[in-house]
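Sequential numbering from 1 along the given sequence is applied to the chain's residues.
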Amino acid sequence: MEYDLTDEEIAPIIPVVEISNLSQHRQAWEARSDTDDHHDVEYDETASSTKKHVNGKVKHDLTPADIKLKQSESLAVEYALKHKVDKAIEERIKCLAYTRIVYGSSHWKHAQSIINLAEDYINLKQYFAQAEYHAETAKSIMLHGNHLASSLEEKANLFTVLIQIYRILGQAATALKKYNEAEQALQKADRISKELSKLECVTDKECDHLDILLYQAMARLYTKQKKHALASEKYDKVIELMTKEFGNDSIQVMQANTEYGMLEQSKGKFANHDKTIQLFLEAHSIATAIYKEGHPDLIDTALNLSLAYAGNGWEEAEGSALSYLEECLRSCTALYGPNHGKTLEVQDHLAKMYIRMGKMNDAMQILMSSLPSKMECFGDYSESVSESYKLMGSINLSEGNIEKALRAYKKCYTIEVVLHGKDHRKTKSTLQTMEMLLSNPSLSQKFLLNKGDDLLKRPRFNSVVGRTK
């Protein structure tokens, strides 16, 4: 059945290339397999091996390419589920060779094999440049040639491959910060998806599955572009479709709620705090239902929820934020240990929460106790250590311990100069605080100064000379 659409991207794909000897080759292989059952056969470990040992002799594996293709496709999916990344990629690469043998280099199934490899590069390896390259190759195969579809089902398959190609192009371009190209690719995928949904042979469930992947990619792109209204619209659709597809208490819905909550948080002063709390609360409730206590995802959802409560600004929310942070700290200490980066991150959030609530002694105790672990984990000259010194300085300053505050700020300033240089905004801010403290005559007499401190006491240089009458 021939068909023609107005858009070049939705054009039909490629005629099937027939391999004349394929059926005879398969029959011969099946007959030979029956006779081989009577021999002592020892196969190599990998299912797709090209050799086998029969009675101690090496013989080449003459399994037809179409059967080898099915084996490699199954193995690729199996290895991906088991997080055997390199093996999954290896099987996907084998699929390229098998589809080219069986169908030809210009067939849509070869393009599908290429785009499957590109998707695994994104999902398993985060190799976005490689994914973009392979997606462009698959796109070239699909868009160049005289294309025929023998049935509605094949037409639907062609559309599905095109949707996958443009979606992968959009995802790769988003990661590579090519936002305009990403938006164009995802919009093309959306247009083709609408054409696909009009075909009678396509079920609503199949359309929903494709839309979930597409809308999620579009939501992430709009988040990067700071198009918050469009991103929120897509996340609403994603959560609705995921709930329908996977259920209310599914990992997919939990992850979508978490991403949506982070989008709301990123709006700053325009953030809807109630909606943020609701989204993170939904994610944490699902995680509580799925995982046992101490699971990493349960810790992450509890931490997100605590920060959402802390950013609310209400006194009533502070108690909830503190409760979730203390829960996170207990779980992190039990799961990772006291010197792990995640545990130290939670301790920092807890210290800031204590400072906000006016519990300065508790905050100082956490900062002092975690400082050696931070030095061991991140290094003496690290952002985390400098932030701890700055918080300790602010606590001492608020309690009137000026000398202790100045010592803490000096240590913070030394680290920030090494990390960022003297012209960085953080370094300048710390320097201004030190200058303010050293301008106090009583402090400058009590405090043991070095040459650097003496320079801070001097008035700022002014190029305008005042005149007197």
Side-chain angles (χ1 to χ4, degrees), residues 45-49 68-100 108-142 157 160-179 181-182 185-186 189 206 209-221 223-224 238 241-242 245-246 250-256 258-259 262 283 287 290-291 295-297 300 341-342:
E45 292 183 357
T46 56
S48 54
S49 174
K68 300 290 286 183
L69 173 60
K70 292 179 181 179
Q71 291 176 350
S72 289
E73 287 175 342
S74 299
L75 284 172
V77 174
E78 180 182 345
Y79 286 143
L81 292 175
K82 293 180 179 179
H83 304 289
K84 296 181 179 180
V85 176
D86 292 335
K87 288 186 176 181
I89 296 295
E90 182 181 346
E91 294 301 326
R92 287 295 184 194
I93 293 173
K94 290 178 182 178
C95 289
L96 302 187
Y98 295 143
T99 53
R100 189 166 185 173
W108 66 268
K109 286 193 175 181
H110 184 56
Q112 184 182 41
S113 183
I114 295 173
I115 199 60
N116 286 338
L117 173 62
E119 186 155 21
D120 276 0
Y121 270 131
I122 286 182
N123 295 335
L124 303 180
K125 303 276 282 186
Q126 285 77 53
Y127 285 1
F128 301 105
Q130 288 88 333
E132 183 183 46
Y133 172 81
H134 288 299
E136 289 289 354
T137 303
K139 174 185 169 183
S140 178
I141 292 173
M142 297 294 280
N157 289 333
T160 301
V161 174
L162 278 173
I163 293 168
Q164 186 183 9
I165 288 172
Y166 283 115
R167 176 173 57 79
I168 295 301
L169 280 172
Q171 289 178 262
T174 299
L176 297 172
K177 298 182 179 181
K178 302 176 183 179
Y179 297 137
E181 295 179 17
L186 293 176
E206 291 172 337
H209 178 71
L210 293 174
D211 287 342
I212 286 171
L213 298 174
L214 179 57
Y215 291 154
Q216 195 167 37
M218 296 176 81
R220 290 169 178 170
L221 169 63
T223 299
K224 294 284 188 181
V238 167
L241 293 173
M242 281 185 172
E245 178 80 11
F246 306 111
S250 62
I251 297 176
Q252 292 85 351
V253 175
M254 179 195 74
Q255 293 171 344
T258 300
E259 288 187 21
M262 290 180 176
I290 296 175
Y291 303 117
H295 192 277
D297 286 350
D300 290 338
K342 191 70 176 181

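Separation of atoms NZ (K109) and CG (N157) is listed at 7.5 Å; rounding is to 0.5 Å. Going from atom CD1 of I290 over to atom CE of M254 covers 6.0 Å, rounded to the nearest 0.5 Å. One finds the CD1 atom of I89 at 15.0 Å from the NZ atom of K84 (value rounded to the nearest 0.5 Å). The structure places CG of L241 at 12.5 Å from CD of Q252, a figure rounded to the nearest 0.5 Å. To the nearest 0.5 Å, atoms CD1 (I163) and CG (L213) are separated by 10.5 Å. Going from atom CD of E245 over to atom OG of S250 covers 9.5 Å, rounded to the nearest 0.5 Å.
Between C95 and S72 the shortest heavy-atom distance is SG-CB, 3.6 Å. Counting all heavy atoms, side chain and backbone alike, A283 lies closest to T258 at CB-OG1, 3.5 Å. Residues L221 and Y179 approach most closely at CD1-CD2, 3.8 Å, considering heavy atoms. Across every non-hydrogen atom of A131 and I168, the tightest pair is O-CG2, 4.3 Å.
With respect to the salt-bridge test (charged N to carboxylate O, under 4.0 angstrom), the residues E91 and K87 do not qualify.
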inquiry  = Please evaluate residues K125 and D86 with respect to the criterion side-chain contact (heavy atoms from CB on, under 4.5 Å), reporting the C-alpha separation (whole Å), side-chain torsions for both, the decisive distance (0.1 Å), and the verdict.
reply    = CA-CA 9 Å; K125 303 276 282 186; D86 292 335; 3.0 Å; yes
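Contact annotation: the side chain of Q216 approaches that of M242 to within less than 4.5 Å [non-hydrogen atoms, C-beta and beyond]. H134 places none of its side-chain heavy atoms less than 4.5 Å from the side chain of I115. Contact annotation: the side chain of F128 never approaches that of E132 to less than 4.5 Å [non-hydrogen atoms, C-beta and beyond]. Looking at L186 and Y166, their side chains never come closer than 4.5 Å, going by heavy atoms from C-beta outward.
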Side-chain atoms of residues 116-124: list all donor-acceptor pairs with protein atoms under 3.5 Å, sequence neighbours left out, distances to 0.1 Å.
{"residue": "N116", "atom": "OD1", "partner": "Q164", "partner atom": "NE2", "Å": "3.0"}
{"residue": "N116", "atom": "ND2", "partner": "Q112", "partner atom": "O", "Å": "3.2"}
{"residue": "E119", "atom": "OE1", "partner": "Q164", "partner atom": "NE2", "Å": "2.7"}
{"residue": "E119", "atom": "OE1", "partner": "R167", "partner atom": "NH2", "Å": "3.4"}
{"residue": "E119", "atom": "OE2", "partner": "R167", "partner atom": "NH1", "Å": "3.2"}
{"residue": "E119", "atom": "OE2", "partner": "R167", "partner atom": "NH2", "Å": "3.0"}
{"residue": "D120", "atom": "OD2", "partner": "R92", "partner atom": "NE", "Å": "3.0"}
{"residue": "N123", "atom": "ND2", "partner": "E119", "partner atom": "O", "Å": "3.4"}

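Dense packing is recorded around OH of Y291, with more than 12 heavy atoms of other residues, nucleotides or ligands lying under 6.0 Å away.
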